[in-house]
Structure formats: structure tokens, C-alpha cells
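Notes for the one structure printed next.
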Amino acid sequence: MKRALVTGGSGFLGSYLCERLLADDHEVLCVDNFYTGAKRNVDHLLDDKRFELMRHDICFPLYVEVDEIYNLACPASPIHYQHDPVQTTKTSVLGAINMLGLAKRVKARILQASTSEIYGDPLVHPQTESYWGNVNTVGVRACYDEGKRCAETLFYDYKRQHHLSIRVSRIFNTYGPRMHPNDGRVVSNFIVQALRSEDITLYGDGSQTRAFCYVDDLIEGIIRLMATGPEFTGPINIGNPHEIQVRELAERTIRLTGSRSRIVHRPLPEDDPLQRCPDIGLARSVLDWTPTVELDTGLEQTIGYFRQMLTGTIH
Ligand SMILES: NC(=O)c1ccc[n+]([C@@H]2O[C@H](COP(=O)([O-])OP(=O)(O)OC[C@H]3O[C@@H](n4cnc5c(N)ncnc54)[C@H](O)[C@@H]3O)[C@@H](O)[C@H]2O)c1
């Protein structure tokens with residue numbers, strides 16, 4: 001039985017990863033400082049003897065015995081990561097150093113949850129892993145983008161210098177149940193506004209595109225990446241290449257919720273990328289992975305979750 005450490009394990013993606021690892025018969029140590037995560041996301045796992053939840057900030061060293069480390073800890077939405085930008089960079093950079101140090105000590109394989117944001121406002125479309133990105137180093141998103149870029153650098157330097165077994169996934173927009181209701185991300189924003197019959201706020205004219213990956217698909221990709229042979233490290237894009245305009249997402253959300261909300265326009269936020277879409281050729285060939293959940297299906301699941309949350313069935 002492998003022992004896996006999931007940092008950020010009580011967050012949106014981390015909680016699904018913990019579930020999946022338990023289903024695959026791992027022991028799971030979930031480490032989280034609950035900055036954006038919630039105990040309710042892993043409540044249902046607490047009775048499992050193979051699961052352990054530990055409050056800890058990865059900006060500080062951690063001494064545990066594990067075989068695999070999935071480093072997911074980091075606030076992921078602009079509202080949260082811009083709330084305390086210094087802490088965001090610390091989490092990415094000091095957190096990576098601490099987790100890589102742990103991996104070195106206990107000879108664990110370590111996977112980094114990197115992000116499509118390392119491509120910044122991309123000049124190449126769709127984004128391939130060989131594209132180096134277009135990031136504003138002094139903008140309000142830099143704490144996240146540059147923190148994640150530095151973490152990637154650290155992963156590759158620990159591999160070169162200390163021969164660590166590393167994996168780097170570049171995660172694109174992912175959605176599903178357990179997203180935060182108030183984190184400003186477009187899927188959760190639209191659904192919550194539609195369910196409350198509030199105006200749906202569309203930034204700009206809504207022609208900017210995004211590609212949305214359902215959480216189950218994303219977790220499958222991460223699990224396959226961790227299991228690849230020793231020669232493969234990534235970085236590898238994991239996301240859904242089905243690109244849609246944000247305006248269309250708003251319209252679909254209204255249709256699927258049966259809402260009477262109206263769409264209203266607001267100015268585009270600073271440094272908001274206009275296009276974002278993964279090239280997943282590498283994931284298809286190396287991981288034999290491709291997303292399978294249709295957008296409407298995933299949205300229905302997510303709408304069901306938020307409906308329960310707003311009616312008080314989930315707290
Ligand atoms: N969801 C996406 O679309 C997406 C896209 C790209 C990358 N990612 C990456 O995936 C990871 C998980 O994202 P998510 O959407 O689940 O976000 P999330 O905010 O739900 O989860 C992040 C978790 O990390 C915890 N955390 C934050 N700082 C910490 C610290 N210093 N020490 C310990 N725990 C800490 C939070 O409490 C939370 O539980 C993040 O690293 C994020 O950058 C997510």
C-alpha cells in the first residue's frame with residue numbers, strides 16, 4: 001500500500017484526489033491550512049482508517065514518511081490569491097522548496113499542480129508545453145503566475161541537482177462540485193448568480209474564450225501522470241481543449257438552470273487573458289488521456305451541487 005501526501009487536500013481538486021487515491025488503495029495524508037479549503041470537502045473520508053487530515057502550512061517544513069507527494073496547496077482563484085499576494089508567492093515558492101526537500105529526504109516521487117497561468121496572456125494558441133509564456137511580472141496576477149513558474153523551475157533544478165523523480169502538470173480551468181461559491185471563477189459565478197436569479201456579470205463583451213475541464217477528467221490525468229515511467233517528467237498540459245466563448249457559457253448556464261437572470265456587462269479585469277486553450281497532444285500520446293465529460297453533463301453536476309448548497313443541504 002503506497003502512502004500519498006496531498007497538500008491542499010481539502011480544497012476543490014485535492015478532495016477529489018484524496019478520494020481517488022483511497023479508491024486506488026493508498027494511504028492518504030491530507031495536509032491543508034484551510035486558507036481556501038474546507039473540512040466539509042473531506043468530511044466523508046474521515047472515518048476511513050487509511051485517511052489522515054493534518055492542519056499545516058506548507059510554507060513551513062514538514063517531516064513525514066510518504067512514497068508520493070501531490071503538491072496542490074495554493075489558492076487558485078484570483079480573488080483568493082490576490083487577497084494576500086505575498087502569502088501566495090510564499091506558498092508556491094517556499095511550499096515547493098519544503099515539499100521538494102521532503103521528497104528528497106524520503107525519496108518520494110513528487111507531482112506539482114502547475115497551471116495554464118504560467119503561459120500568461122498567450123501569444124501562441126492553443127498553448128503547447130514548448131511555449132514559454134507571456135507573463136507581466138509586476139501585475140496583480142504575478143504573485144500566482146510567477147510563483148507557479150518559480151515552482152516549476154525548482155522542480156526541474158531538484159531533478160537535475162538532486163535526481164528527484166518529478167512530475168509537472170499544467171492544469172487548465174477545471175470545474176465541478178466543491179468549487180467555492182464566491183471565488184469569482186466564471187463557472188461558479190455564473191451558476192450561483194443564475195440560481196439566485198441575479199444578473200449574470202459578463203466581463204468585456206464575453207467573446208474571450210476558455211476551455212473547461214470537468215474535475216473527474218482532471219483527476220484521471222493527474223493519476224496517469226504520476227504513474228508514468230521514470231523518464232517522463234512533463235511539463236504536461238491537462239485540460240479540455242473544447243473552447244467556448246464566455247458569453248456562450250453564460251447562456252448555457254441560464255438554459256440549464258432554467259433561470260430568468262439577465263446578462264450584464266462589466267469592464268475586463270487587469271491582465272485577464274483573452275484566449276486560453278490547451279494543446280493536449282502530449283497528454284493524449286504519453287498518458288493515453290483525453291477528457292470524456294461533456295460540458296453540459298459537467299455543468300449539470302455542478303449546478304446540482306450549488307443548488308444543494310444554496311438551499312442549505314450542504315454547509
Ligand atoms: N481549479 C483549477 O481550475 C486550477 C487550474 C490550474 C491550477 N490549479 C492548481 O491546482 C491546485 C488546487 O486548486 P483548487 O482549484 O483545488 O484550489 P483550492 O483553493 O480549492 O485548493 C487549494 C488548497 O490549498 C490549501 N492551501 C493554500 N495555501 C496553503 C498553504 N500555504 N499550506 C497548506 N495548504 C494551503 C487551501 O486551503 C486549499 O484547500 C492549486 O495549486 C492550483 O493552483 C487549479
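Side-chain atoms are counted along with the backbone in the values below, which use heavy atoms only and exclude waters and symmetry mates. Just so you know, ligand 1 is whichever comes first in the structure, and atom 1 is the first atom listed for that ligand. Sequential numbering from 1 along the given sequence is applied to the chain's residues. Treat the numbers as computed from the prediction; the structure is a model and nothing was measured.
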Taking C-beta and beyond as the side chain, do N240 and F172 meet within less than 4.5 Å on heavy atoms? no
Please verify whether a non-hydrogen atom of G95 lies at under 4.0 Å from ligand 1. no
Test item: Y70 and L13 side chains (from C-beta on) under 4.5 Å apart, heavy atoms: no
Short N-O contact, D24 and K2, less than 4.0 angstrom: no
Determine, considering heavy atoms only, which of Y35, Y70, Y144, F12 sits nearest to atom 8 (N) of ligand 1. Y144
shortest atom 38 (C) of ligand 1-to-protein heavy-atom contact is with T36 OG1, 3.2 Å
Residue from Y305, Y214, F12 passing ring-ring contact (aromatic ring centres under 6.0 Å, His included) with Y175: Y214
Considering only heavy atoms, which of L13, D183, T88, V215 lies nearest to atom 10 (O) of ligand 1? L13
Within ligand 1, which atoms have a heavy atom of K148 less than 4.0 Å away? 40 (C), 41 (O), 42 (C), 43 (O)
Can you give me the closest heavy-atom contact between C30 and S10, atom names plus distance? SG-N, 3.6 Å
At a 4.0 Å threshold, what atoms of ligand 1 neighbour a non-hydrogen atom of S10? 39 (O)
Ranked by distance from atom 35 (C) of ligand 1, the top protein heavy atom is N33 OD1, 2.9 Å
Salt bridge between R224 and E220, side-chain N to carboxylate O under 4.0 Å? yes
Of the protein's non-hydrogen atoms, which lies at the shortest distance from atom 13 (O) of ligand 1, and what is that distance? A76 CB, 3.6 Å
Salt bridge between E248 and R252, side-chain N to carboxylate O under 4.0 Å? yes
What residue and heavy atom of the protein are closest to atom 21 (O) of ligand 1, and at what distance? G11 CA, 3.5 Å
Per atom 6 (C) of ligand 1, closest listed option by heavy atom (I118, I171, T174): I171
Would you call R185 a ligand 1 contact, heavy-atom distance under 4.0 Å? yes
So which of G176, G37, G147, S114 gets nearest to atom 7 (C) of ligand 1, if we judge by its closest heavy atom? S114
Taking CD in E294 as the centre, count heavy atoms belonging to other residues, nucleotides or ligands within less than 6.0 Å. Is the count above 12? no
Kindly give the heavy-atom pair with the smallest separation between G234 and F232, and that separation in Å. N-CE2, 3.4 Å
Which of the numbered atoms in ligand 1 are under 4.0 angstrom from any heavy atom belonging to Q87? 31 (N)
Is it the case that the side chains of R260 and S197 hold a donor-acceptor pair, with the cut-off being a distance below 3.5 Å and no angle test? no
Can N41 and S15 be said to form a side-chain hydrogen bond (donor to acceptor under 3.5 Å, both in side chains), step by step? CA-CA 6 Å; N41 288 338; S15 62; 4.7 Å; no
Below 4.0 angstrom, N of the basic side chain to O of the carboxylate: do D25 and R50 qualify? yes
Ligand 1 contacted by I58 (non-hydrogen, < 4.0 Å): yes
If I apply the N/O under 3.5 Å rule, does L72 come out as touching ligand 1? yes
Within reach of ligand 1, part of E117 (heavy-atom separation under 4.0 Å): neither
In this structure, atom 37 (O) of ligand 1 is nearest to the protein heavy atom D32 OD1, 2.6 Å
Heavy-atom proximity to atom 22 (C) of ligand 1, picking from C74, G8, G9, points to C74
Checking a contact table here: which protein heavy atom is nearest atom 31 (N) of ligand 1, and how many Å away? D57 OD1, 2.8 Å
Salt-bridge present (D157, R160; N to O < 4.0 Å): yes
Numbered atoms of ligand 1 (with element) below 4.0 Å of N173, judged on heavy atoms: 3 (O)
Distance-only polar pair, side chains of T36 and Y81, donor-acceptor under 3.5 Å: no
Can you name the atoms of ligand 1, numbered from 1 with element, that are less than 4.0 Å from a heavy atom of H56? 32 (N), 33 (C)
H80 and ligand 1 - part of the residue with a heavy-atom distance under 4.0 Å: neither
Check contact between R170 and ligand 1, using heavy atoms of the residue and a distance below 4.0 angstrom. no
Using a 4.0 Å cutoff against the non-hydrogen atoms of F34, which atoms of ligand 1 qualify? 37 (O)
